[in-house]
Amino acid sequence: DPKNWERWIDPLLLAAISGWRAAKDDGGAEAFAKVDLDAFEGLRVEAPGIVSFPAFTDEFCQILLEEVKHYRASGMPSR
């Protein structure tokens, strides 16, 4: 159900962008400035200019992996 999309997003990411989501209707760069990267516990700097963070829940990742496995098993073309 598309209305339940937050179920698939990692709670740490949702918390980090909550300020932006609340202010996004105001528009502009000011809304993006509300993203609290300092409080984003899952954010890691891997190398200069490269960051990683949890985006999806484990449940979503498992479902996606199962879909990939089923697709490959179907024999349909893939690259």
Side-chain angles (χ1 to χ4, degrees):
D1 181 8
K3 294 178 184 173
N4 293 322
W5 65 270
E6 290 178 343
R7 168 182 176 188
W8 310 118
I9 307 300
D10 190 279
L12 293 173
L13 178 57
L14 285 175
I17 65 170
S18 64
W20 168 76
R21 292 182 66 212
K24 70 181 177 181
D25 293 333
D26 298 338
E30 301 83 30
F32 186 71
K34 303 236 183 231
V35 175
D36 189 1
L37 295 178
D38 292 329
F40 191 0
E41 295 176 26
L43 182 70
R44 291 189 325 238
V45 176
E46 304 292 351
I50 300 174
V51 297
S52 67
F53 55 89
F56 301 112
T57 62
D58 289 342
E59 179 185 11
F60 176 84
C61 292
Q62 288 298 320
I63 291 170
L64 180 60
L65 183 58
E66 288 300 315
E67 287 298 319
V68 169
K69 288 178 182 178
H70 289 136
Y71 183 81
R72 285 191 173 165
S74 75
M76 294 183 70
S78 63
R79 296 189 231 174

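This structure is a prediction, so every number in the text was calculated from the model and none was measured. Note that the numbering runs from 1 along the sequence shown for the chain.
- Under the 4.5 Å side-chain heavy-atom criterion for grouping Ile, Leu, Val, Met, Phe, Trp and Tyr, Leu65 is not connected to Met76 through any hydrophobic cluster.
- A heavy-atom distance below 4.5 Å is found between the side chains of Ile9 and Phe56.
- Side-chain contact between Trp8 and Ile63 is present, with heavy atoms from C-beta onward closer than 4.5 Å.
- The shortest heavy-atom contact between Glu6 and Leu14 is O-CD1, 3.8 Å.
- Annotation for Asp58: atom CG does not count as buried by contact number, only 12 or fewer foreign heavy atoms lying within 6.0 Å.
- Checking side-chain atoms of Tyr71 against main-chain N and O of Pro77 turns up a donor-acceptor pair under 3.5 Å.
- Across Gly42 and Pro54, no two heavy atoms sit closer than the pair O-CD, 3.4 Å.
- Two residues are said to be in side-chain contact when any heavy atoms from C-beta on lie closer than 4.5 Å; Leu13 and Phe53 meet this criterion.
- Under a hydrophobic-cluster definition in which Ile, Leu, Val, Met, Phe, Trp and Tyr are linked whenever side-chain heavy atoms come within less than 4.5 Å, directly or via other members, Leu37 and Val51 are assigned to the same cluster.
- Residues Phe40 and Ile50 fall into different hydrophobic clusters, defined by Ile, Leu, Val, Met, Phe, Trp and Tyr side chains chained together at heavy-atom separations under 4.5 Å.
- Shown here for Thr57 and Arg7, the closest heavy-atom pair between the two residues is CG2-O, 3.3 Å.
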